[in-house]
Amino acid sequence: MIGNMQLNDEGKLKHFLSIEGLDKCLLTEILDTAESFAGMSAQQVKKVPLLRGKTIVNLFFENSTRTRTTFELAATRLSADVINMNIATSATSKGESLLDTIRNLEAMFVDMFVVRHALSGAAHFIAQQTASHISVINAGDGQHAHPTQAMLDMFTIRQLKPNFSNLRVAIIGDILHSRVARSEIQALNTLGVAEVRVIAPKTLLPAHVESLGVSVSHNLNEGLKDIDVVMMLRLQKERMTSALLPSESEYFKCFGLTEEKLKIAKPDAIVMHPGPINRGVEIDSKVADGPQSVILKQVSNGIAVRMAIMAMAMQTLPSSPGRPVTQAPSLAITGGL
Ligand code: CP
């Protein structure tokens, strides 16, 4: 159902709430569109006028460094007007409901909400309730989904390992509480990788995890064999309601990624992490900052991928595929397009 409500009557992206329900063709269109924006960071004028006149509201009810900042950068590079709602100083603290907040912002003629919320389904709820001309982008909802993180990770993988069908990807750590893991698994399977392997202690895996389309290992030394892409996750202690691990040092001993353990994966394996990193808990600094790490590349790619998703949802891209959307910086200045 979520999949259907993400598309308009013509089957084009309208909201971006979850990877679930989106097909390979649409995910590939996002990656291709992002590719056309990727060179912009090196240009002197880092702007195109695709969202000129549009107003985007960043509604982050949970903290964020990477997602909120790259969404803001992406929107400004598309020439949108951006409002970053400060939830701590908003009327939410006086008891205003989420729906009333949305209704009041709608009355200010906004065009898009980018939403992060602790409740699973919050972005979906807003998309159902909001005016029909407004698009909603999910920037992370509870334990449910973080679809733009998954897409920027797919983009990063494709840059370095273009043939998805050959790839074996390991996702390691707190799968149980991770919205990133859910979205990554859906995106990797939709794009047709050879294998998604989750590696974690039993206490950090959801029940019936195999039904998500993954193989399972509880042993990092065995699980890393033949792996091309190593995705590390942090322990989401803020979501743990009981003690699921003996200690962080015990966890690091068994599931922390060190230089020694990384040697078990393929020699050209890449190491990813959505951030924030807890050094010495799930990953050693020598790996996080080492030659196989693409962690900061993931952050940079977040700008182009979020630009692509916002422009697609607002239906402002020229219609032909492979369009040179970033080759008109002079138009951006002089007011063309
Ligand atoms: N990866 C990610 O969502 O990071 P932030 O919490 O900093 O946005």
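FYI, the numbering just counts along the sequence from 1. In listed order, ligands and their atoms are each counted from 1.
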Inset, instruction - Identify the protein heavy atom lying closest to atom 6 (O) of ligand 1, giving its residue, its atom name and the separation to 0.1 Å. - result: R116 NH1, 2.9 Å

Legend entry - Note: K225-E222 ion pair, threshold 4.0 Å (strictly below): no

Inset, instruction - Before signing off on this row, confirm whether R66 and ligand 1 have an N or O atom pair separated by under 3.5 Å. - result: yes

Inset, instruction - Identify, by atom number and element, the atoms of ligand 1 in contact range of P274, meaning under 4.0 Å from any of its heavy atoms. - result: 1 (N), 2 (C)

Legend entry - Contact atoms of ligand 1, heavy-atom distance to T65 under 4.0 Å: 5 (P), 7 (O), 8 (O)

Inset, instruction - Consider every N or O of P276 and every N or O of ligand 1, then say whether any pair is closer than 3.5 Å. - result: no

Inset, instruction - Could you tell me whether the side chains of H146 and R116 share a donor-acceptor contact shorter than 3.5 Å? - result: yes

Inset, instruction - Just jot down the ligand 1 atoms closer than 4.0 angstrom to any heavy atom of Q149, in number order. - result: 1 (N), 2 (C)

Inset, instruction - Consider ligand 1: state whether an atom of it lies below 4.0 angstrom from any non-hydrogen atom of E62. - result: no

Inset, instruction - Tell me, please: is G275 in heavy-atom contact with ligand 1, that is, under 4.0 Å? - result: yes

Inset, instruction - For the residue pair S217 and N219, confirm or rule out a side-chain donor-acceptor distance under 3.5 Å. - result: no

Inset, instruction - Flag yes if more than 12 heavy atoms outside N104 fall under 6.0 Å of its CG atom; otherwise flag no. - result: yes

Legend entry - Ion pair check, K14 and D9, cut-off under 4.0 Å: no

Inset, instruction - Measure the spacing between NE2 of H15 and CG of N8 and express it to the nearest 0.5 Å. - result: 9.5 Å

Inset, instruction - Tell me yes or no: between the side chains of T130 and E106, is some donor less than 3.5 Å from an acceptor? - result: yes

Legend entry - Numbered atoms and elements of ligand 1 in range of T67, under 4.0 angstrom, heavy atoms: 2 (C), 3 (O), 4 (O), 5 (P), 8 (O)

